[in-house]
Amino acid sequence: MPTAMHLNLRVDPTQYISQIREVPDYDYIHIVRQPKYMVDLPLLNEKVHYLNEIFSPKEYVERNNISLLHAHHGQLGVLLLPFKEETNLPLVTSIRGRDATLANQPIGYLDNMKMLFERGERFFPVCQYLADRLIAWGCPPEKIRVLYGGVDLNQFNYRTSHKEGSQNILSIGRLVEKKGHHVLMHAFQKIRGKFPNATLTIIGRGELEEYINSLANELNLGDSFRLLNHLPKDQVREQMTNADIFCAASLEAADGDVEGIPNTLKEAMAVGVPVISTNHAGIPELITNNKEGVLVQENNVDELAEALEFMLTNRELWETYTVAARQKIEQNFNLVQQLQQQAEFYDELVAPYKKGEQNSVTPRKKDKKNKKDKKTLKNTEQPQQQVKYDDESVEPSKKDKKAEKVKKALNYIQQLQQQTKDKDKDKKDKDKKDKDELVVASNKKDKKALNKIQQQAKDDDETVASRKKEKKAQKAEKVKKALNKIQKLQKQAKDEQLGG
């Protein structure tokens, strides 16, 4: 069974775990950048590894029998390019929302994404809207395969719409601007006068938590509003089952951040809760207005308030919406079918690579542009001596370190040998010079010069002998002092023992 190596933002239940751990006929290794991204410890097992601990990609791939690389975010795809270059494995990148925009992206992100478009084999946007974004950026359309996130229909069972008079409105999602929770709260405040028994519950946590609580006070929502932080999945399903209306007021944030298609919206439709959402990103691919639910313009308080009022007033229409919604999920967003589709997309790439072939879509061109792009990637993603993974440096392998140490040791030995040779050469040159001078002096019968040379040699020998004698005396003195010190310490210890 081939193994896919998945690099994900973090390990928690929100990160499409099924698309990593349940792909038919494929084993998996779940990679995160470093231990701090291991958010949900119960999901930790022997197949969860850390990217910053992989020192040799080739050895790692061989040891784990990896056949394919799958990055679950655009930036993570860029991050895996050096890994791909070293291992020559096909690289797949999922695109989920913000990574198809320039929202809060690092400098050079678009250039790196264009490089990823050229070198990556496949791209899995979670909706056609994001696929169109990638094509507009320059991604070859033949490399794109839209892969919707699926819903486990065994966990989200359909129930008929509530007949009693409750009016519980529910929204689930991180407390960030693009979820539109603030717009929903304003719309809810507008209809409270007509529906005094209506309630609004938001489940989520995030950077806007303080703002959401403050807004609830400002709008005087009182007991009709609840903000619940993170809940276990079974409790979230319970809240969804007990809801009368589910609302996802998604919008494009001020910084350009967008949704793909909210998973919670699919789950509500599977359960049989009437849904209200917006004409945002890939949501119209999921909901046709007035068929599977009601859609309004994003970031429009008045339209959203009218949709809430319409749903609460026309309770008899709920079952029509919910039956159509369940059918839509079963046909296009069934988890089993989507995972099978993912496996087939994998097969397109793994089979050619098993035969040792290159990418059948677009062979990599080794032209000047590629060299320039590779140089750019090295400058932005990996220093010359280290591979950089998301602001974390992974040092060279232990094998490389050992080789480097051996190399340094050999260089040092060679330097010592060279110094010895130089000294020997200098000595030989000096001896030869002295001998030549003696010969010259002898030939000229210059006894004075001869005597002078001999005297100089004698003086040099005496100087050397004197220095040796002096050093010997100094060494003896040091030894004597050391022995005296030891004797004193021994005597002191003995006295202390006697005193004790």
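Distance alone, capped at 3.5 Å, places no donor-acceptor pair between the Asp27 side chain and the Thr3 backbone. Lys178 places no side-chain N or O within 3.5 Å of a backbone atom of Asp257 that could act as its donor or acceptor partner. Proximity of a side-chain donor or acceptor of Glu177 to a complementary backbone N or O of Ala254 within less than 3.5 Å is detected. At distances below 3.5 Å, at least one donor-acceptor pair connects side-chain atoms of Thr87 with backbone N or O atoms of Phe83. Of the possible polar contacts, none joining the Asp111 side chain to the Tyr109 backbone as a donor-acceptor pair under 3.5 Å is found. With hydrogens and angles ignored, the 3.5 Å screen pairs no side-chain donor or acceptor of Lys179 with any backbone N or O of Gly173. Judged by distance alone, the side chain of Asn289 and the main-chain N or O of Leu295 form a donor-acceptor pair under 3.5 Å. Side-chain N or O atoms of Lys143 include one that pairs as donor or acceptor with a backbone N or O of Glu118 at under 3.5 Å. In this structure, Lys190 contributes its side chain and Glu306 its backbone to no donor-acceptor pair below 3.5 Å.
The two residues Leu147 and Phe124 come nearest to each other via the heavy atoms CD2-CD1, 3.7 Å. Residues Leu130 and Ala100 share a closest heavy-atom pair of CD2-CB, 3.7 Å. Of all heavy-atom pairs between Ala307 and Val296, the closest is CB-CG1, 3.8 Å. Annotation for Trp137 and Met113: closest pair CZ3-CG, 4.1 Å, computed over non-hydrogen atoms. When all heavy atoms are compared, the tightest approach of Leu228 to Leu231 is CD1-CD1, 4.0 Å. Between Tyr158 and Glu319, the shortest heavy-atom distance links the atoms OH-CG, 4.3 Å.
By the side-chain hydrogen bond (donor to acceptor under 3.5 Å, both in side chains) test, Thr264 is found to be paired with no residue, residues two or more places apart in sequence or in another chain being considered. Every residue two or more places apart in sequence or in another chain that forms a ring pair (Phe, Tyr, Trp, His ring centres under 6.0 Å) with Phe333 is listed here: Tyr148. Every residue two or more places apart in sequence or in another chain was checked for a ring pair (Phe, Tyr, Trp, His ring centres under 6.0 Å) with Phe310, and none qualifies. With sequence neighbours excluded, the residues forming a side-chain contact (heavy atoms from CB on, under 4.5 Å) with Ala131 are Pro125, Gln128, Ile144, Val146, listed by chain and number. Residues satisfying the side-chain hydrogen bond (donor to acceptor under 3.5 Å, both in side chains) test with Glu330, not counting sequence neighbours, are Arg326. Taking Tyr26 as the reference, Tyr346 meet the ring pair (Phe, Tyr, Trp, His ring centres under 6.0 Å) condition, with sequence neighbours excluded. Residues that satisfy the side-chain contact (heavy atoms from CB on, under 4.5 Å) test with Asn242, not counting sequence neighbours, are Glu238. Here Ser171 pairs with His181, Leu184, Ile202 under the side-chain contact (heavy atoms from CB on, under 4.5 Å) rule; sequence neighbours left out. Partners of His49 by side-chain contact (heavy atoms from CB on, under 4.5 Å), not counting sequence neighbours, listed by chain and number: Ile29, Ile31, Tyr60, Asn64.
Contact of the Leu170 side chain with the Ile203 side chain is registered, since non-hydrogen atoms from C-beta on lie closer than 4.5 Å. Contact annotation: the side chain of Leu9 approaches that of Leu76 to within less than 4.5 Å [non-hydrogen atoms, C-beta and beyond]. Within the 4.5 Å cutoff, the side chain of Ile329 has no heavy atoms near those of the Asn334 side chain. Between Leu91 and Arg119 there is no side-chain heavy-atom pair separated by less than 4.5 Å. You'll find the side chain of Leu68 reaches within 4.5 Å of the side chain of Val92, heavy atoms only. Counting only heavy atoms from C-beta outward, the side chains of Val126 and Ile95 never approach each other to under 4.5 Å.
His6 has its ring centre no less than 6.0 Å from the ring centre of His30. Here the two rings, on Phe117 and Phe123, have centers that are under 6.0 Å apart.
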Considering only distance and modelled atom types, tabulate donor-acceptor pairs under 3.5 Å from the side chains of residues 271-284, sequence neighbours left out.
from   : atom 1 : to     : atom 2 : distance (Å)
Ser277 : OG     : Ala248 : O      : 2.8
Thr278 : OG1    : Ser250 : O      : 2.6
His280 : ND1    : Glu298 : OE1    : 2.9
His280 : NE2    : Glu259 : N      : 3.0

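With Ser94 as the fixed residue, the side chain to side chain donor-acceptor pair (under 3.5 Å) test singles out one of His73, His70, Arg122: His70.
Both the sub-6.0 Å distance and the 45° axial angle are satisfied by Arg237 relative to the ring of Phe156.
Every pair passing salt bridge (Lys or Arg N to Asp or Glu O under 4.0 Å) that includes a residue from residues 272-292 is listed here, sequence neighbours excluded: Glu292-Lys328. Residue pairs meeting the salt bridge (Lys or Arg N to Asp or Glu O under 4.0 Å) criterion with at least one partner in residues 240-249, sequence neighbours excluded, are Asp244-Arg315.
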| field | Worked verdict on Asn168 versus Thr199 for side-chain hydrogen bond (donor to acceptor under 3.5 Å, both in side chains) | value | CA-CA 5 Å; Asn168 302 320; Thr199 63; 2.9 Å; yes

| message | Apply side-chain contact (heavy atoms from CB on, under 4.5 Å) to residues Leu69 and Leu7 and explain how you reach the verdict. | response | CA-CA 8 Å; Leu69 309 175; Leu7 177 61; over 6 Å; no

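A salt bridge links Glu348 with Arg145: the distance from a Lys NZ or Arg NE/NH1/NH2 to an Asp or Glu carboxylate oxygen falls below 4.0 Å.
At most 12 heavy atoms of other shown residues, nucleotides or ligands fall within 6.0 angstrom of atom CG in Asp25.
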